[in-house]
There are 2 protein chains.
Amino acid sequence: MTTMNLSPGQLDLLFQALGDPTRRAILERLARGPASVSELAAPFDMALPSLMGHVRRLEESGLVTSTKDGRIRTVQLVTGAFTPVRSWLDEQRAIWEGRLDRLDDYVTRLMKDREDGS
Amino acid sequence: MTTMNLSPGQLDLLFQALGDPTRRAILERLARGPASVSELAAPFDMALPSLMGHVRRLEESGLVTSTKDGRIRTVQLVTGAFTPVRSWLDEQRAIWEGRLDRLDDYVTRLMKDREDGS
DNA sequence: CAGATAGTTAGGAGATGACCTAACTAATAT
DNA sequence: ATATTAGTTAGGTCATCTCCTAACTATCTG
């Protein structure tokens, strides 16, 4: 009930896509609005095919979509694509905090025992 | 101004560390408490040196620390290690939601939040 | 139509990643 | 003291990642 589990490889794709500075920069740009491939390429000192590769990888991970109109390919952020990442992080925190809570209980109980015992 | 920027490669290391299912599984285990290398290895059908490599990578990314006591190396989650990841995601969302004007306040609030282990 | 523009395909170099086995050191148990 | 346990080091294989150049297609513009 706590989580909806998605395909295991999806998180891999997402995290791996985010693990590259160029791709994160592309996403940061796209957070401000859609852009053509050339617009995306402009800030980088990188050959077009290399940048295209990044865009393809972002698309394969589901973070981005693109449509071609005439000779221009427009790339767009996918709404909610980060959700699985956020969910995983939240889950980890929940587990961690659950552990802390249990530890807290333990310490509380321990201190109560001491009061009783002394 | 708006953000406290951490070393550029740090996010790379973090996201890349998270981009592997074995490493995420290790983290999930560690969220429940520290464990020895062998304990970590137990659930996996993987040679020890391979698993050790994952632990090393987690340690290099700052997600985990380990100490050796006798012949046992105990691995532990690093508190707050996920924070840069969360911050990046939150920033993206803030930009995407067109809240650039309030980003400063947002980050201030975020840093004031309790540091937890998520 | 000619030329410029936007993107794509093909192929390859070089680095890194994820795994393995074999052989080793160091600590502990018998 | 010897055997067992826990981890480490060394080295090798195979796949993937990131980047490049060269050459190509398709779409506008003049």
Side-chain angles (χ1 to χ4, degrees), chain A residues 7-30 33-77 85, chain B residues 7-30 33-77 85:
Chain A
S7 53
Q10 185 59 29
L11 270 178
D12 293 14
L13 285 177
L14 285 169
F15 277 121
Q16 282 163 19
L18 294 171
D20 179 274
T22 303
R23 286 194 290 269
R24 282 200 311 281
I26 290 174
L27 291 173
E28 286 166 16
R29 164 63 188 81
L30 290 176
S36 71
V37 171
S38 307
E39 281 168 354
L40 289 178
F44 301 102
D45 185 18
M46 186 182 287
L48 243 209
S50 308
L51 192 117
M52 278 293 301
H54 286 299
V55 172
R56 199 176 327 112
R57 229 137 129 40
L58 286 171
E59 201 158 5
E60 281 163 7
S61 76
L63 284 165
V64 140
T65 40
S66 71
T67 52
K68 195 159 180 183
D69 183 28
R71 62 183 160 169
I72 294 178
R73 176 171 297 280
T74 300
V75 187
Q76 220 182 355
L77 220 52
V85 174
Chain B
S7 49
Q10 186 57 30
L11 269 179
D12 293 13
L13 285 178
L14 284 169
F15 277 121
Q16 282 163 18
L18 294 171
D20 179 274
T22 302
R23 285 194 291 269
R24 282 199 310 282
I26 290 174
L27 291 172
E28 286 166 16
R29 165 63 188 81
L30 290 177
S36 70
V37 171
S38 306
E39 280 169 356
L40 289 177
F44 302 103
D45 186 18
M46 185 181 289
L48 244 207
S50 308
L51 192 117
M52 277 292 302
H54 286 300
V55 171
R56 199 177 324 114
R57 235 143 123 42
L58 287 171
E59 201 157 4
E60 281 164 9
S61 77
L63 284 164
V64 140
T65 40
S66 71
T67 52
K68 196 162 180 183
D69 183 29
R71 62 182 161 171
I72 294 177
R73 176 171 297 281
T74 300
V75 187
Q76 218 182 357
L77 222 53
V85 173

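Predicted model only: the values in this text are computed from it and were never measured.
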(request) Return yes if some donor-acceptor pair links the side-chain N/O of B/Arg23 with the main-chain N/O of B/Leu18 below 3.5 Å, else return no. (result) no
If you restrict it to nitrogen or oxygen atoms, what contacts under 3.5 Å exist between nucleotides 23-30 of chain D and the protein, and what is each distance?
unit_1, atom_1, unit_2, atom_2, d
D/dT27, O2, A/Arg71, NH1, 3.0

(request) May I ask you to test the A/Leu63-A/Leu13 pair for a side-chain heavy-atom distance under 4.5 Å? (result) no
(request) Would you mind reporting whether B/Val37 and B/Met52 have side-chain heavy atoms less than 4.5 Å apart? (result) yes
(request) Give a yes or no on whether the backbone of B/Thr65 and the side-chain of B/Gln76 come within a donor-acceptor separation of less than 3.5 Å. (result) no
(message) With nearest nucleotide decided by heavy atoms, which residue, B/Lys68 or B/Gly19, maps closer to the 5′ end of DNA chain C?
(response) B/Gly19
(message) With rounding to the nearest 0.5 angstrom, report the OG1 to CG distance, A/Thr22 to A/Leu58.
(response) 10.0 Å
(request) Quick one: pull up NE2 in A/His54 and CG in A/Leu27 and give me the separation to the nearest 0.5 Å. (result) 11.5 Å
Interface polar pairs with nucleotides 14-17 of chain D, N/O, under 3.5 angstrom:
unit_1, atom_1, unit_2, atom_2, d
D/dC17, OP1, A/Arg57, NH2, 3.3

(message) Using 0.5 Å steps for rounding, measure from the CD1 atom of B/Ile26 to the CG atom of B/Asp20.
(response) 8.0 Å
(message) When you compare the side chain of B/Thr74 with that of B/Asp69, does any pair of heavy atoms fall below 4.5 Å?
(response) no
(message) Just to be sure I understand the rule, does B/Leu48 reach a base, reach only the sugar-phosphate, or reach nothing, if contact means heavy atoms closer than 4.0 Å?
(response) base
